[in-house]
Amino acid sequence: MHTIPASRAQQGTQPQSIKIEGDITLGGLFPMHSRGPAGIPCGEIKREKGIHRLEAMLYALDQINSDPELLPNITLGARILDTCSRDTYALEQSLTFVQALIQKDNSDVRCSNGEPPIFPKPERVVGVIGASGSSVSIMVANVLRLFAIPQISYASTAPELSDKSRYEFFSRVVPPDSYQAQAMVDIVKNMGWNYVSTLASEGNYGESGVDAFLQISREAGGLCIAQSIRIPREPRPGEFDKIIKRLMETSNARGVIIFANEDDIKRVLQAAKKANLTGHFLFVGSDSWGSKNSAIEDQEEVAEGAVTILPKRASIDGFDQYFTSRSLENNRRNIWFAEFWEDDFKCKLTRPGIKYDPGRRKCTGDERISRDSQYEQEGKVQFVIDAVYAMAHALHSMHLDLCAGSMGVCEKMDPVDGRMLLQYIRSVNFNGSAGTGVMFNENGDAPGRYDIFQYQMSNVSNPGYKNIGQWTNHLRLNSEEMQWSGGDRKIPESVCSFPCESGERKKMVKGVPCCWHCELCDGYQYLLDEFTCDMCPFDMRPLENRTGCRPTPIIKLEWSSPWAIIPVFLAILGILATTGAIVTFIRFNDTPIVRASGRELSYVLLTGIFLIYLITFFMIAEPSVAICAFRRLFLGLGMCISYAAMLTKTNRIYRIFEQGKKSVTPPKFISPTSQLIITFILISVQLLAVFIWFGVIPPHTIIDYEEQKPPNPEFARGILKCDMSDLSLILCLSYSIVLMITCTVYAIKSRGVPETFNEAKPIGFTMYTTCIIWLAFVPIFFGTAQSTEKMFIQTTTLTVSMSLSATVSLGMLYIPKVYVIIFHPEQNVQKRKRSFKAVVQAATVTTHLSLKSNDKQNGESKVEPDRSQ
């Protein structure tokens, strides 16, 4: 074994490296130092990622070389280089591996005696273990591919390295980040998050990891990225404060997916703590975070609850025993071990070319790892050992096939064909140092097996990373073992928009499928699906939670309603009074008053009044086909009968006195029979119209859902009614109104007749009052057309108006007569009959006197007719 002194390495005379002699030499690339500041390639020693991993390779070589079953009689050697965590520096270093393969023209070189020179056989590296960072592996793989040197990485996980068209000779014993990204997507979705941000360190590892996460999340759906932020390679002062500020622009995205190196992770946590956002962000870290304490040192409160992922691994007990037994005396082959010793024990060694620092204590050399310093096996140690063993198993299989029965390296393996070795590497399948299978797929990737950790510090005896699940092609997560900031067991939310309340639809934000605004389905709309409100059918209204529709309640005018009680009360009184008048007239049918009133027409008129009162009950009764038919029939019929009889009476009086002015001959058709015929002809017009209506549109019921459809659907009602619109109702009454107006005109014309003659003046007063009632009816009836209780108001208005008009007719024309008949029978006596001529003369005299006397009211001067005529 030969080592290059550290002093020479630090002087820069040649690259720092470890050379271990062997029959077959393997290359090794490890980040022994961190990246140096500007202008300096290397920084401080890396204890875990550098020294632990390097010693793992040395340990594996020792184990293989002492194993009689694996590569018997063949010793594996190594050339191990420091990458200083920088891809460009690693590229320069890795040229050492290919020097032996570069053809040199030595034809012009001769010894002093003229003979050709004898050159020492150059060191030939058959395969490389490494590198650590993906960006370093990519840079080195491009060179090794040119010289067909297989490479097995123990830590590079960038998905880009799975592209065999570019990185044909690259393999790895760790799964690519595409598996890791899939596991992280599964974790995020398992926790119910749908809105997260991503953070990536600039470089292949961070950027390709985030790209894989973005692609898988898009394919899976249901996950949106609020922001995707890249951390520069050389961040400027205040850069991380700006990153935290940007993350807070979408504060609902509390989940932060982080693919970053250890230094960037630490500075992100520092910036979050500085911004007083402890507990706000919920970090999901990649394997670069894993279960490292160094990444969260002094930032534990901010990191609490962070979920991290790490390729499934186990602590190798044999390595622990090996490493803790290393000392300055027995580990001289590791040229960086003295530097590690100083850093680990916080002391100083006297080394050639290194100035002694009096501020630090001097190392004694008796210190022991784990006893005098804190020690925990670095997470990738298992994979370094597996990578070395994979190369050894491939060489062993190759030796069995090419050098069967030969001891040591045969001619067919000198030199080793890199392309053939690659095929043997891809075919290995053995149990690794942790007992799990080591194998490669067609892309040279190891199967995805991850442990999932969460950093917990509340309600636990030992704060630290707790294993909460695993991922092997699918997620198994123990959610009940998770806890968050302050020890809270409830999984925090990281969503753009919270679920809409019942009856609210999602109005999506353009371009962000996880974000929406909630809009209430208003009015008569219900939630058809989560994005659409639709109108309920016309006969339905939405449920209270607006998830569907329900039938609209059907109502009708109830007998117990105040809108019905008043009309019914008036109608009952009117029916009783009308019945009383009819009974009285029948009882005293042959008395002078009954006979003088015109018995035939009086009975017709009283029948009409009775029907007017009766229609109230049909208007309030529950609509049916029969009720609707009765409404059509009797609504206008009662008034038609009444006003036809009164019109016939007033017309008879008017004709008598108009004829009397011309001659003493009575006019035609003034006999009772003629009067009845005229009345029934007038009535038949109404009946004919109603029966035509029956034939054209048979009576039926309808349910009106529009009349009581207020903005609030809770008050919506369907009204059971007959098929009579406002217009048809008015048309039904129009003929009666024409009769009423005509009768009023004749009443006005007949106002000059003597008050003792045939009820002319009572009919006139009846018609005037009736006109006033119906004039008041029109604005009330049509003015309530927009009211939610339109039907009730209009029904009440109509029935009350009809009852009042009937009451006026009954009160003016028949109640006085009934009163005289019952209470003053002495007045119900026969008076002397007058001739038609005497009556006309009396009326003429009365008219002349009234014209001469302007100061007196019409009718005050009375001229008694000559009763002797």
Side-chain angles (χ1 to χ4, degrees), residues 31 34-35 49 85-87 131-139 153 155-163 172 174-188 193 195-220 223-236 238-250 253-272 281-290 292 295-296 299 302-303 306-311 450 494:
S34 61
R35 182 185 303 164
K49 284 190 174 183
S85 307
R86 190 186 294 272
D87 49 6
S132 177
S134 294
S135 57
V136 176
S137 286
I138 288 171
M139 191 74 80
S153 174
S156 298
T157 55
E160 183 180 349
L161 288 164
S162 296
D163 183 358
R172 49 187 160 192
V174 288
D177 285 336
S178 54
Y179 294 161
Q180 182 176 199
Q182 179 66 65
M184 295 171 83
V185 168
D186 291 347
I187 291 169
V188 167
W193 299 351
Y195 196 52
V196 296
S197 295
T198 63
L199 267 179
S201 291
E202 188 175 14
N204 289 97
Y205 172 76
E207 293 178 39
S208 60
V210 163
D211 288 343
F213 182 88
L214 297 178
Q215 181 179 348
I216 294 170
S217 65
R218 279 194 297 267
E219 291 171 358
L223 185 59
C224 299
I225 308 303
Q227 297 195 67
S228 194
I229 302 173
R230 189 176 64 180
I231 302 170
R233 263 183 221 274
E234 305 291 342
R236 291 173 293 183
E239 187 72 39
F240 289 90
D241 295 330
K242 292 178 182 177
I243 288 172
I244 294 299
K245 189 174 180 181
R246 279 189 62 189
L247 289 173
M248 285 306 294
E249 290 174 2
T250 50
R254 295 178 62 190
V256 178
I257 313 304
I258 184 163
F259 280 84
N261 60 54
E262 187 177 319
D263 294 335
D264 288 345
I265 291 169
K266 194 165 187 176
R267 286 183 281 186
V268 166
L269 297 177
Q270 287 173 343
F281 293 114
L282 312 167
F283 294 102
V284 179
S286 64
D287 62 343
S288 60
W289 184 334
K292 297 187 185 75
I296 62 170
Q299 315 300 330
V302 186
V307 177
T308 61
I309 191 170
L310 202 60
Y450 295 95
S494 181

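- Considering only residues two or more places apart in sequence or on other chains, Asp211 meets the side chain to side chain donor-acceptor pair (under 3.5 Å) condition with none of them.
- In this structure, the separation between CZ on Phe281 and CD1 on Ile244 is 4.5 Å, given to the nearest 0.5 Å.
- Side-chain contact between Thr157 and Tyr179 is absent, with no heavy atoms from C-beta onward closer than 4.5 Å.
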Criterion side-chain contact (heavy atoms from CB on, under 4.5 Å) on Leu199 and Leu247, from CA distance to verdict: CA-CA 10 Å; Leu199 267 179; Leu247 289 173; 4.3 Å; yes
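- Considering only residues two or more places apart in sequence or on other chains, Glu249 meets the side-chain contact (heavy atoms from CB on, under 4.5 Å) condition with Gln227, Arg246.
- Between Arg218 and Gln215, the closest side-chain pair of non-hydrogen atoms falls below 4.5 Å.
- The two residues Ile216 and Ser178 come nearest to each other via the heavy atoms CD1-O, 3.3 Å.
- Contact record, Gly203 with Arg233: CA-NH2, 3.8 Å, taken as the closest heavy-atom pair.
- Residues passing the side-chain contact (heavy atoms from CB on, under 4.5 Å) test with Ser286 are Gln180, Met184, Tyr205, Phe259, Ser288, sequence neighbours excluded.
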side-chain contact (heavy atoms from CB on, under 4.5 Å) between Ile257 and Val210: does it pass, once the steps are laid out? CA-CA 8 Å; Ile257 313 304; Val210 163; 5.9 Å; no
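- Take Glu234 and apply the side chain to side chain donor-acceptor pair (under 3.5 Å) test, not counting sequence neighbours, and it matches no residue.
- With sequence neighbours excluded, the residues forming a side-chain contact (heavy atoms from CB on, under 4.5 Å) with Thr308 are Trp289, Phe453, Tyr465, listed by chain and number.
- Listed by chain and residue number, Arg230 satisfy the salt bridge (Lys or Arg N to Asp or Glu O under 4.0 Å) test with Glu207 (two or more places apart in sequence, or in another chain).
- Here the CD1-OG distance, from Ile225 to Ser217, works out to 4.5 Å after rounding to the nearest 0.5 Å.
- A donor-acceptor pair is defined here as one N or O able to donate and one able to accept, closer than 3.5 Å; no such pair exists between the side chain of Ser197 and the backbone of Ser228.
- Not counting sequence neighbours, the partners of Ser132 by the side chain to side chain donor-acceptor pair (under 3.5 Å) test are Arg53.
- Here the closest non-hydrogen pair linking Val174 and Ser156 is CG2-O, 3.6 Å.
- Counting all heavy atoms, side chain and backbone alike, Leu310 lies closest to Asp287 at CD1-O, 3.6 Å.
- Side-chain atoms of Ser85 and Ser34 include no donor-acceptor pair closer than 3.5 Å.
- By the side chain to side chain donor-acceptor pair (under 3.5 Å) test, Ser134 is found to be paired with no residue, residues two or more places apart in sequence or in another chain being considered.
- In this structure Asp186 satisfies the side-chain contact (heavy atoms from CB on, under 4.5 Å) test together with Gln182, Trp471, Leu475, sequence neighbours excluded.
- Distance CD/Glu160 to OG/Ser137: 11.0 Å, rounded to 0.5 Å.
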Derivation of the side-chain contact (heavy atoms from CB on, under 4.5 Å) call for Leu223 and Phe213: CA-CA 10 Å; Leu223 185 59; Phe213 182 88; 3.9 Å; yes
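- Evaluation of the salt bridge (Lys or Arg N to Asp or Glu O under 4.0 Å) rule for Arg86 yields no partner, not counting sequence neighbours.
- Every residue two or more places apart in sequence or in another chain was checked for a salt bridge (Lys or Arg N to Asp or Glu O under 4.0 Å) with Asp163, and none qualifies.
- Shown here for Ala200 and Gly206, the closest heavy-atom pair between the two residues is CB-O, 3.4 Å.
- No side-chain heavy atom of Arg236 sits under 4.5 Å from any side-chain heavy atom of Pro232.
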Name the atoms and distances for all side-chain donor-acceptor pairs under 3.5 Å in residues 262-272, with sequence neighbours left out.
residue : atom : partner : partner atom : Å
Glu262  : OE2  : Ser294  : OG           : 2.6
Asp264  : OD1  : Arg267  : NH2          : 3.2
Asp264  : OD2  : Ser201  : OG           : 2.6
Asp264  : OD2  : Asn261  : ND2          : 3.2

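- For the atom pair OH of Tyr195 and OG1 of Thr250, the computed distance is 5.0 Å after rounding to the nearest 0.5 Å.
- From Leu161, atom CG reaches atom OG of Ser135 across 10.0 Å, with rounding to the nearest 0.5 Å.
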